[in-house]
Amino acid sequence: MTWIDPSHPRFESLRVRARLAAAARAGVVVPEGLIAHGRGEAFDYFLGEQTTPSAARAIRAAAAWLRRARSPVLSVNGNVAALAAPEIAALSRALPTLKVEVNLFHRTPRRAAAIARRLRRAGVRRVLGVRPTARIRGLPSDRAWVDADGIAQADVCLIPLEDGDRAEALRRRGCRVISIDLNPLSRTSRVADLPIVDELSRALRALRKELERERSTPRAAPAPSAEWLLAEAIAAMRRRLATAATRGRSRRRRSAAPASRRRD
Ligand code: PTJ
């Protein structure tokens, strides 16, 4: 892996990229996953690379849904395993009823096994979906292959970095869908019952904290509507872009002014 200087201003971002590139070389992440990551990064820039107050509310509601679920499942694809295996292990410790299932768009038995290995190595005790035992009807992609003990009978499903088709198919089956996707315009975000517009690792860390806090708070706050959450995410991005645009303009104006009138 390329050495990255920790003093680089974008050290964290470069480190994550290097990790994904290594996971792609190991066959865990598909090339399409690298494209998906780039898209996510762009939206995270617009959010200021932080969890917004509306995303924090969505995460609180997600913790309450997951804790109260009969059979909650977290769906894991290549990117999710590469980006957040330790966070997934921590989440499954915080909520022992949570099942972890490998579910892939670009499925091969080898990839599914490599992803499961990565999860187990990080500390996830039981990984479903390596040898799928059921199929979601009406879904043409390989995402339809699921585990009869997992997604097939889940009442709440947490689906990070997904595609809209399966989110829709899960909802048709009566499963409540919580998405994690930085793009508030994606079909997944638009279809989900509870869209969390936040970066995956940040959101999973915050979710674990909420689950731990949730144990001591018997009454859950009502979940905000999906429409409100998406509108708030878009508004947060617009505010940030507007601020960046005005800052850019005033900086340009300052540098165009004669030196005698410049204060900096
Ligand atoms: O491993 P596989 O075979 O299941 O394939 C996984 C990918 C990601 C390739 C597949 O699900 C895919 O093509 O996804 P999409 O349709 O590109 O959607 C991924 C979404 O995740 C996009 O809306 C991105 O903006 C978003 N995203 C990317 N990185 C992150 C993210 N959201 C949150 N956190 C991230 N780190």
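Numbering of ligands and ligand atoms starts at 1, following listing order.
For atom 28 (C) of ligand 1, the nearest protein heavy atom lies closer than 4.0 Å. Counting only heavy atoms, the protein never gets under 4.0 Å from atom 13 (O) of ligand 1.
Because its NZ or CZ atom is not both nearer than 6.0 Å to the ring centre of W145 and within 45° of the ring axis, R131 does not count as a cation-pi partner of that residue.
Proximity of I35 to ligand 1, defined as any heavy-atom pair under 4.0 Å, is not found for any part of the residue. The side chain of R143, and not its backbone, has at least one atom closer than 4.0 Å to an atom of ligand 1 (non-hydrogen atoms only; side chain from C-beta on).
Between the side chains of S75 and R166, at least one donor-acceptor pair of N or O atoms lies under 3.5 Å. Side chains of S71 and D155: a donor-acceptor N/O pair is absent below 3.5 angstrom, by distance only. Side chain to side chain, D181 and S179 fail the donor-acceptor criterion of an N or O pair below 3.5 Å.
Within the 4.5 Å cutoff, the side chain of N77 has no heavy atoms near those of the F105 side chain. Side-chain contact between D44 and R202 is present, with at least one heavy-atom pair separated by less than 4.5 Å.
Atom CZ of R70 has more than 12 neighbouring heavy atoms from other residues, nucleotides or ligands inside a 6.0 Å radius. At most 12 heavy atoms of other shown residues, nucleotides or ligands fall within 6.0 angstrom of atom CZ in R125. R17 CZ: 12 or fewer foreign heavy atoms inside a 6.0 Å radius.
Considering only non-hydrogen protein atoms, atom 33 (C) of ligand 1 sits nearest to D198 O, 3.4 Å. For atom 5 (O) of ligand 1, the closest non-hydrogen atom of the protein is H106 CD2, 3.7 Å. Nearest to atom 8 (C) of ligand 1 among the protein's heavy atoms is A36 CB, 3.8 Å. Summary of contacts: the protein heavy atom closest to atom 21 (O) of ligand 1 is L161 CG, 3.5 Å. Looking at atom 36 (N) of ligand 1, its nearest protein heavy atom turns out to be E199 OE2, 2.9 Å. In this structure, atom 22 (C) of ligand 1 lies nearest to the protein heavy atom D181 OD1, 3.7 Å. At the top of the distance list for atom 34 (N) of ligand 1, counting protein heavy atoms only, stands L200 N, 2.9 Å. The shortest contact between atom 6 (C) of ligand 1 and any protein heavy atom is with N77 ND2, 3.7 Å.
Considering backbone and side-chain N/O atoms, L182 comes within less than 3.5 Å of an N/O atom of ligand 1. Between R111 and ligand 1, at least one pair of N/O atoms sits closer than 3.5 Å. On a distance-only criterion, L104 and ligand 1 share no N/O pair closer than 3.5 Å. Inclusion of F43 in the set of residues having an N or O under 3.5 Å from an N or O of ligand 1 is not warranted. Taking any N or O of D163, backbone or side chain, none lies under 3.5 Å from an N or O belonging to ligand 1. At a 3.5 angstrom cut-off on N or O pairs, G33 does not count as close to ligand 1. An N or O contact shorter than 3.5 Å links R39 to ligand 1 by distance.
Residue N183 has at least one heavy-atom neighbour below 4.0 Å for each of these atoms of ligand 1: 23 (O), 25 (O). Each of the atoms 1 (O) of ligand 1 lies under 4.0 Å from some heavy atom of G78. Under a 4.0 Å criterion applied to the non-hydrogen atoms of L83, ligand 1 contributes the atoms 36 (N). Ligand-side atoms of ligand 1 in range of F105: 2 (P), 3 (O), 4 (O), range being under 4.0 angstrom from any heavy atom.
R176 contributes no side-chain N or O that, together with a main-chain N or O of R171, makes up a donor-acceptor pair within less than 3.5 Å. In this structure, R190 contributes its side chain and L230 its backbone to no donor-acceptor pair below 3.5 Å. Counting only distance, with no hydrogens or angles, the side chain of E101 and the backbone of V76 share no donor-acceptor pair below 3.5 Å.
Which of E162, R107, R166 comes nearest to atom 19 (C) of ligand 1 through a heavy atom is settled by distance: it is E162.
For D163 and R143, the salt-bridge test passes: some basic side-chain N is under 4.0 Å from an acidic carboxylate O. Salt bridge status for R205 with E199: absent, with no side-chain N to carboxylate O gap under 4.0 Å.
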